[in-house]
Number of protein chains: 2
Amino acid sequence: MFLSGQGQQNVSSGNLACLVNAKASQIRKDFSYFGAFGTPGVGYDINKLIRQIRRILNLGDVRKAALVGVGNLGSAILAYPGFRMYGFDIAAAFDSDPKKVGKKISRVTIESTSNLRTLRKRKIHLAILAVPRDAAQRVADLLVEAGVKGILNFSPLRVVVPKKIKVITIDIAMELARLPYYMPAR
Amino acid sequence: MFLSGQGQQNVSSGNLACLVNAKASQIRKDFSYFGAFGTPGVGYDINKLIRQIRRILNLGDVRKAALVGVGNLGSAILAYPGFRMYGFDIAAAFDSDPKKVGKKISRVTIESTSNLRTLRKRKIHLAILAVPRDAAQRVADLLVEAGVKGILNFSPLRVVVPKKIKVITIDIAMELARLPYYMPAR
DNA sequence: CTATGTGAATTTATTCACAGCA
DNA sequence: TGCTGTGAATAAATTCACATAG
């Protein structure tokens with residue numbers, strides 16, 4: 001994205017370090033845990049590096065994900081270009097509002113949440129939860145029932161699921177709350 | 001939020017630990033870095049604990065924040081109840097689209113981005129960046145010029161700012177990309 | 001010469017375990 | 001008795017420093 005555009009073919013650990021600001025030795029050590037794929041005196045081949053990272057993160061092939069809750073946040077997520085970049089395809093969208101069901105947003109037709117049970121059959125194992133907080137736990141339960149293995153949770157609620165299921169929660173207000181800690185006076 | 005509702009008056013480090021799943025000793029050690037405010041044999045007074053944490057995070061008083069970019073994501077943020085909970089007040093919203101300017105969403109009237117320069121006068125030092133990636137750097141520059149000290153950046157772009165300015169970037173697709181790493185087979 | 005990969009040294013974080021307070 | 005606060009012990013992460021490959 002930054003580097004692969006064109007121009008350079010290689011990056012050194014030093015370059016990468018300052019890009020994410022860290023120490024060069026950190027970069028090399030981290031990579032070394034996953035095997036050696038740099039060239040002494042030259043650096044890392046950018047394309048090879050990208051392939052390695054995709055492998056490490058299990059991003060080998062495109063993964064299907066389901067979006068639940070097509071409100072403002074959900075719509076933003078559907079429109080977000082970044083997902084494709086990381087190998088994700090939002091292949092289904094669900095909402096409980098009958099007025100939205102059947103509408104098409106960003107090439108995806110919104111389905112009723114009563115269809116969630118079809119996820120297993122459709123081999124969709126990732127879900128993005130963007131429903132109001134009151135509905136979050138209930139929907140999470142449905143997702144687990146439908147065979148989902150990982151949930152990206154945007155509701156400001158700690159959903160509880162069997163521990164086989166991986167949940168990543170993003171509470172955007174909590175992120176904002178980190179800012180003042182680093183800021184000058186008040 | 002979870003605890004202060006009613007019922008219990010105190011929490012033990014053990015309670016807190018399992019709530020966020022960590023070890024009890026971790027909780028106690030962490031708190032101890034900021035002074036001792038628990039009662040042996042009893043635990044932590046919930047209200048005192050909340051006050052302490054607010055103090056530690058510099059969340060003493062309500063802080064004004066500006067939202068730039070009132071698309072789907074921006075609208076979701078405006079509607080998000082969580083911000084008030086952490087002491088933030090989204091006091092202004094900006095968009096470059098003339099059709100949106102003047103509209104009111106969640107009690108905030110959308111202003112033209114040419115008004116960004118007024119932020120300093122209005123003592124707004126935090127901004128939430130929810131504009132398309134192409135506009136992100138340009139807007140960030142304007143924000144810095146307008147005296148903003150902290151930016152919560154939702155665009156999938158590494159904005160560059162003077163290092164006095166604190167930026168927290170949330171790339172939601174990158175968060176999703178962490179999921180498969182923890183998941184079973186592929 | 002330049003930049004990697006990696007043991008060894010150092011720093012930082014976590015956990016243990018227990019003295020002492022309510 | 002029950003739980004805090006904290007030194008001491010352990011574990012983990014970061015940084016150094018250098019032998020080695022291109």
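Reminder, nothing fancy here: chain letters follow the sequence lines and each chain counts from 1. Atom set for the values below is all heavy atoms of this structure, side chains included, hydrogens, waters and symmetry mates excluded.
Nearest to the side chain of B:R28, among D:dT4, D:dG7, C:dG7, sits D:dT4. With D:dT15, D:dT4, C:dA22 as the candidates, the nucleotide lying closest to the side chain of B:T39 is C:dA22.
In this structure, CG of A:D30 is placed 13 Å from P of C:dT4, rounded to the nearest angstrom. Between the CZ atom of A:F31 and the P atom of C:dT6 there is a distance of 14 Å, given to the nearest Å. Counting to the nearest Å, the P atom of D:dG22 and the CD atom of A:Q9 are 18 Å from each other. Whole-Å rounding puts the A:K23 NZ to C:dT4 P distance at 16 Å. What separates CD of B:Q52 from C1' of D:dT4 is a distance of 15 Å, to the nearest Å. Summarising the geometry, the separation between CG on B:N15 and P on D:dG2 is reported as 14 Å, rounded to the nearest angstrom. When the C1' atom of D:dT14 is taken as reference, atom NZ of A:K29 falls 9 Å away, rounded to whole Å. Regarding A:F34, its CZ atom lies at a distance of 18 Å from the P atom of C:dT4, rounded to whole Å.
Put simply, A:S25 has no side-chain N or O that comes within less than 4.0 Å of OP1 or OP2 on D:dT14. At least one side-chain nitrogen or oxygen of A:Y44 sits closer than 4.0 Å to the OP1 or OP2 atom of C:dG5. Under 4.0 angstrom from either OP1 or OP2 of C:dT15 there lies at least one side-chain N or O belonging to B:Q26.
Between B:R84 and B:D89, at least one side-chain nitrogen of the basic residue sits less than 4.0 Å from a carboxylate oxygen of the acidic one, meeting the salt-bridge criterion.
Note on A:F37: only backbone sugar-phosphate atoms sit closer than 4.0 angstrom, heavy atoms only; bases stay farther off.
Sparse packing is recorded around CZ of B:R117, with 12 or fewer heavy atoms of other residues, nucleotides or ligands lying under 6.0 Å away. Crowding of B:F37 atom CZ: a count of heavy atoms from other residues, nucleotides or ligands under 6.0 Å exceeding 12.
Taking the six-membered ring for Trp and thresholds of 30 and 60 degrees, A:F88 and A:F83 have ring planes more than 60 degrees apart, a perpendicular arrangement.
A continuous path of hydrophobic side-chain contacts links A:I168 to A:L59 [ILVMFWY only; heavy atoms under 4.5 Å].
Nearest-nucleotide mapping onto DNA chain D: of B:G41 and A:Y33, the residue sitting toward the 5' end is B:G41. Taking for each of A:A22 and A:V42 the nucleotide of DNA chain D with the nearest heavy atom, the 5'-most of the two is the partner of A:A22.
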